[in-house]
Amino acid sequence: MSEVGRPSDSDVLLAVDIQNDFCPGGALAVPGGDAVISIANRLGGVFENVVLTQDWHPAKHFSFFSSHAGKAPFDSVEMPYGRQVLWPEHCVQGSKGADFHAGLDLPHASLIVRKGFRREIDSYSAFFENDGATPTGLAGYLRQRRLSRIFLCGLATDFCVHYSALDALKECFETVVIEDACRAMDLGGSLDTAMSAMREAGAVIIRSAALIE
Ligand code: VGL
Ligand code: ZN
């Protein structure tokens, strides 16, 4: 077996934001985003514990460019908690775009963490909102269930996977990023920056072949 070993009952697969809006044809499509679906499904076959995240914004969310006069998609603004990229409207609560991709097949997932549900603040990370302080509850859930090592896959490598990995490490979870089970937006070099930051913080980067055929 690989350097990370066979997943055990203290490991969890965290499948990040595999939603229609992040796949081709969606409102904030990640290039090749749908390529992660079949890999995530196969990974699900080797993990007893699976948690999903779902980007879940109210209409007029402050991360939408349309909530800020004179702004365009991918501009940024200063928020009370720091700089915020402004996105096309995406993953609006209850919309088709916010649904998980129909091809995602992880029925044994035990928890869905919805994030970005408060209008004034975005949440890239599955652990903390973008103020870096407001918890989603995921760390408590994982600790109570004695899940100590997190394997990440999903969308987007350079945003929600990136910040989830850094926060997982901050919360003292062993953190493994399955690189080919993620896809990036790659805005102005953000993929390289994210990969370096995750490595430097102590994430183990692997390929899915270490876990599945
Ligand atoms: C994401 C930008 C805005 C992500 C979510 O899932 O990476 N990126 N909302
Ligand atoms: Zn979002």
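For this chain, numbers begin at 1 and follow the sequence in order. Whatever order the structure lists ligands and atoms in, that order sets their numbers, starting from 1.
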> Counting non-hydrogen protein atoms only, what is the nearest one to atom 8 (N) of ligand 1? Give residue, atom name and distance.
M185 CE, 3.5 Å
> With the Zn ion (ligand 2) as the reference point, give the N/O/S atom of D55 that is nearest.
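For D55, the N/O/S atom sitting closest to the Zn ion (ligand 2) is OD2.
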> Indicate if the distance from the Zn ion (ligand 2) to the nearest N, O or S atom of H57 falls below 2.8 Å.
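Coordinating: yes.
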> For ligand 1, which atoms sit closer than 4.0 Å to a heavy atom of D17?
4 (C), 6 (O)
> Do any of the N, O or S atoms of H90 sit under 2.8 Å from the Zn ion (ligand 2)?
yes
> Per the ring pair (Phe, Tyr, Trp, His ring centres under 6.0 Å) rule, which among F159, F65, F64 passes with H90?
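The single option meeting the ring pair (Phe, Tyr, Trp, His ring centres under 6.0 Å) with H90 is F64.
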> Is it true that a side-chain atom of D11 and a backbone atom of S8 form a donor plus acceptor pair closer than 3.5 Å?
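Such a contact is found between D11 side chain and S8 backbone.
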> Is R143 paired with E171 through a side-chain N to carboxylate O contact shorter than 4.0 Å?
yes
> So, taking the atom named CG in L155 and the one named OG1 in T53, what distance separates them when rounded to the nearest 0.5 Å?
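Between L155 CG and T53 OG1, I get 9.0 Å after rounding to 0.5 Å.
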> Please could you name the atoms of ligand 1 that D55 approaches to less than 4.0 Å, counting only its heavy atoms?
5 (C), 9 (N)
> Does an N or O from L155, backbone or side chain, lie closer than 3.5 Å to an N or O of ligand 1?
yes
> Any nitrogen or oxygen of Y124, side chain or backbone, less than 3.5 Å from one on ligand 1?
no
> Does K115 reach ligand 1 with a nitrogen or oxygen that is under 3.5 Å from one of the ligand's nitrogen or oxygen atoms?
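No, K115 has no N/O under 3.5 Å of an N/O on ligand 1.
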> Does the pair V36 and I18 meet the rule for a side chain to side chain contact (heavy atoms under 4.5 Å, CB included), with working shown?
CA-CA 8 Å; V36 307; I18 306 182; 4.0 Å; yes
> Thinking salt bridges, do D17 and K115 make one under a 4.0 Å N-O criterion?
yes
> Which residue supplies the protein heavy atom nearest to atom 1 (C) of ligand 1, what is that atom called, and how far is it?
C160 SG, 3.2 Å
> By number and element, which atoms of ligand 1 are closer than 4.0 Å to a non-hydrogen atom of A156?
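Counting atoms of ligand 1 from 1, those under 4.0 Å from A156 are 4 (C), 6 (O), 7 (O).
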